[in-house]
Amino acid sequence: MEVEWLWASEFRSPYNRSMPTAADVQRKIDKLRDDIRYHENRYYVLDDPEISDAEFDRLMQELKRLEHDNPELITPDSPTQRVGGKPREGFVKVPHSSPMLSLDNAYNEQELRDWERRVHELTGQKNVDYICELKLDGLSMALHYRGGNYERAITRGDGVVGEDVTPNVRTIRSVPLSADTRKAKLPGDFEVRGEVIMPRKSFERMNEEQEKLGRPKYANPRNAGAGSVRVLDPSITASRSLEFYSYFLLVNGRPYFDHHADSLKALTAAGFKVNRNWKQLRNIEGVLDYLSHWEAKRETLPYEIDGVVIKVNSIGLQNELGFTGKAPRWAIAYKWAARSGVTQIENIGVQVGRTGKLTPVAWLKPVFIGGTTVTRATLHNEDEIERLGVKIGDWVMVERGGDVIPKVVKVIEDNDHPRGHKQFHMPERCPECNSHVVREEGEADWRCINANCPAKLRESILHFASRGVMNIEGMGDALVNQLVDKGLLRNVADIYELDEVKLLTLERMGKKSAQNVLSEIDASKKLPLERVIYGLGIRFVGERTAQFLAEHFGSMDALIEAATLKDESASLEALQQVEEVGPRIAFSIREFFKEPKNRDLVNRLREAGLQFKGRKKGRGTQLAGKTFVLTGTLPNLSRDQAKKMIEDAGGRVSGSVSKKTDYVVAGADPGSKLDKANELGVKVIDEAGLNELLG
Ligand code: IVH
């Protein structure tokens, strides 16, 4: 692109005698506007500038000067007209051309598959194309264009009526003031819907500013973005580096093209910013891959997303599917459970764990995070409390990741969230048994030194009985507390000596419940060796390490033998042969089995009939070197289970079928991967076939 900014100063030169005509000036203004629009699009929409900021500023200055000298030539679509006008009195309410609906949500694979099943049933079609887009966490907005020019912006409001924020949104540089309707093959009058967002960087910068000015900080980019659009003075919006991403195109309140993908392409051609990560996928398998890809990568994006929107591509099918009360049936938002929330600490208590460790726990004002109400969050230890600088009464950010216990991650401090005042101190005695607590040198934790501390016992039994361990349903807090208090449980082996007579001595325990508990206890005897190892509660031996130990030694006896060799260093070395076991874990395992009381306990578990033999596994045997692709729903195995089984047997699981694929494992409703396999002549097997290969 040729840049002609020098020209304007030429005709001011004393050597240039002939004055430019009005038509010359108009031509030059038009040219400058076109150039500026082109470079704005490269910079703000495509993130791919061609000229330097300084060159761009020169073009802009030149245009401003010409418009200043010729005010009659200023038009509202000129790039100089983004910020203008005075602050207004208030916002005018405007109805939308068609309601701006919200979306139904899916929070897991099953809900997504249920949605797909409904799509199949209602359309009578098995092969439906989907468009996946990132779900940007911002403020949705409708922009109206007339004759190709920006005319009006309306917030979503209640979906039916929104607020007119035209001058504010005009300042957002990725909103074209005049759209390239010719290139996009669009009529001049149309509507674009999308999301105004504040990128993370702008958010951080803005909060730094707020802090400097002693003003309250914004809680997140979404609030900051919304706050920046709904201000009466557009120059404030202009200073906030907002972006507009478009995802809908309407003409006369309806989609204009036959496929959603074509709308996205037309929007791009017209000069709108469309998030480039959208993808067309042929089935839910592809959608699931897209979801896991972006779940892993979402933190690397320069803006926040709270999920993925999945839309049926065909507008014909969209029309067949229609709407429920407030959401379309042809789209769904897949949301990753929110992982954090803000709430207040009402008090700080101390919990004694099964190793005697004292953990400070924040008692919270109930807060809803990722589908559950959280009332407690761990503060880990004394050092962490100091690091966070947390006090009782503080407002804090609480995070939940996977199944992990919620934790306090930081103290919030702004005008809406005043600081608490009450300092917390770790207790000098165990809150459960009043024994001394110690904090050894180099250790972060305080521990209760009483070997018979009831809290330790209770926690170790609860751990043993819990879902991921021996899975004894019904053996929760209430039951374990009573059993410990009555002296019926003094260690985990006592569980297997419970009988109906003993259980019926407990309060509110009927015959039926007692029998249920006993049958749960009985069922736990069948659980594999790794669960028993994990259940013992050896320090540092979590689920994963227990699994590696079981696979490596193949039996409890082999493990005990290695752990109790006469030569201590030979013992530690033998244990460190196990995957992920280092000196610290090896030492802890040896210490555990050296203790005669613990060996007695293990022997009693053996006598009770628990599984002491496992399957010794070396990786990479049956399926070594073989590549698998999974497609469709298998009758018994989840995708993760099938994947793990294949990998445990030395095989590899890949996402797409190629000539190098050895087997495609197909279940119900297979996707295009099956067609591809047939095309390439790759062997296709079902779940039974996979089991056969695994022996
Ligand atoms: S489509 C009728 N696509 O999510 C369907 N929405 O939970 C309208 N959002 O109100 C929405 N990114 O504010 C769509 N790529 C995207 C989106 C998106 C973010 C927001 C939008 C909407 C909300 C629905």
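Start at 1 and go down the list; that is how both ligands and their atoms are numbered. The basis for the numbers below is simple: all heavy atoms, side chains too, and nothing from hydrogens, waters or symmetry mates. Note that the numbering runs from 1 along the sequence shown for the chain.
Side-chain atoms of Glu55 and Ser52 include a donor-acceptor pair closer than 3.5 Å. Side-chain N/O atoms of Tyr247 and Glu195 include a donor and acceptor closer than 3.5 Å. Inspection of the Glu40 and Tyr38 side chains reveals no N or O donor paired with an N or O acceptor under 3.5 Å. For the residue pair Asn277 / Glu133, no side-chain donor-acceptor distance below 3.5 Å is found, with atom types taken as modelled. For the residue pair Thr75 / Arg33, a side-chain donor-acceptor distance below 3.5 Å is found, with atom types taken as modelled. Side-chain atoms of Asp114 and Gln110 form a donor-acceptor pair, as typed in the model, at a separation below 3.5 Å.
For atom 12 (N) of ligand 1, the closest non-hydrogen atom of the protein is Leu136 N, 3.1 Å. Counting only heavy atoms of the protein, atom 13 (O) of ligand 1 lies nearest to Glu195 OE1, 2.7 Å. Looking from atom 17 (C) of ligand 1 to the surrounding protein, the closest heavy atom is Tyr247 CE2, 3.4 Å. Among protein heavy atoms, the minimum distance from atom 4 (O) of ligand 1 is reached at Lys135 NZ, 3.0 Å. Nearest protein neighbour of atom 15 (N) of ligand 1, counting heavy atoms only, is Glu133 OE1, 2.8 Å.
Counting only distance, with no hydrogens or angles, the side chain of Trp115 and the backbone of Arg329 share a donor-acceptor pair below 3.5 Å. Of the possible polar contacts, none joining the His417 side chain to the Val411 backbone as a donor-acceptor pair under 3.5 Å is found. Remark: the backbone N or O of Val229 is paired with a side-chain donor or acceptor of Asn168 at under 3.5 angstrom.
Of all the heavy atoms of Phe248, the ones lying under 4.0 Å from any atom of ligand 1 belong exclusively to the side chain.
The closest approach between any non-hydrogen atom of Lys311 and ligand 1 is below 4.0 Å.
Considering backbone and side-chain N/O atoms, Val309 never comes within less than 3.5 Å of an N/O atom of ligand 1. Some N or O of Ser140 is nearer than 3.5 Å to an N or O of ligand 1, by distance alone. Remark: ligand 1 and Ser102 share no N or O pair separated by less than 3.5 Å (distance only, no angle test).
Below 4.0 Å from some heavy atom of Pro328 lie the following atoms of ligand 1, by number and element: 2 (C). Numbered from 1 in the order shown, with element, the atoms of ligand 1 that lie under 4.0 Å from a heavy atom of Leu134 read 12 (N), 15 (N).
Which of Val308, Asp104, Leu139, Leu103 comes nearest to atom 5 (C) of ligand 1 through a heavy atom is settled by distance: it is Leu103.
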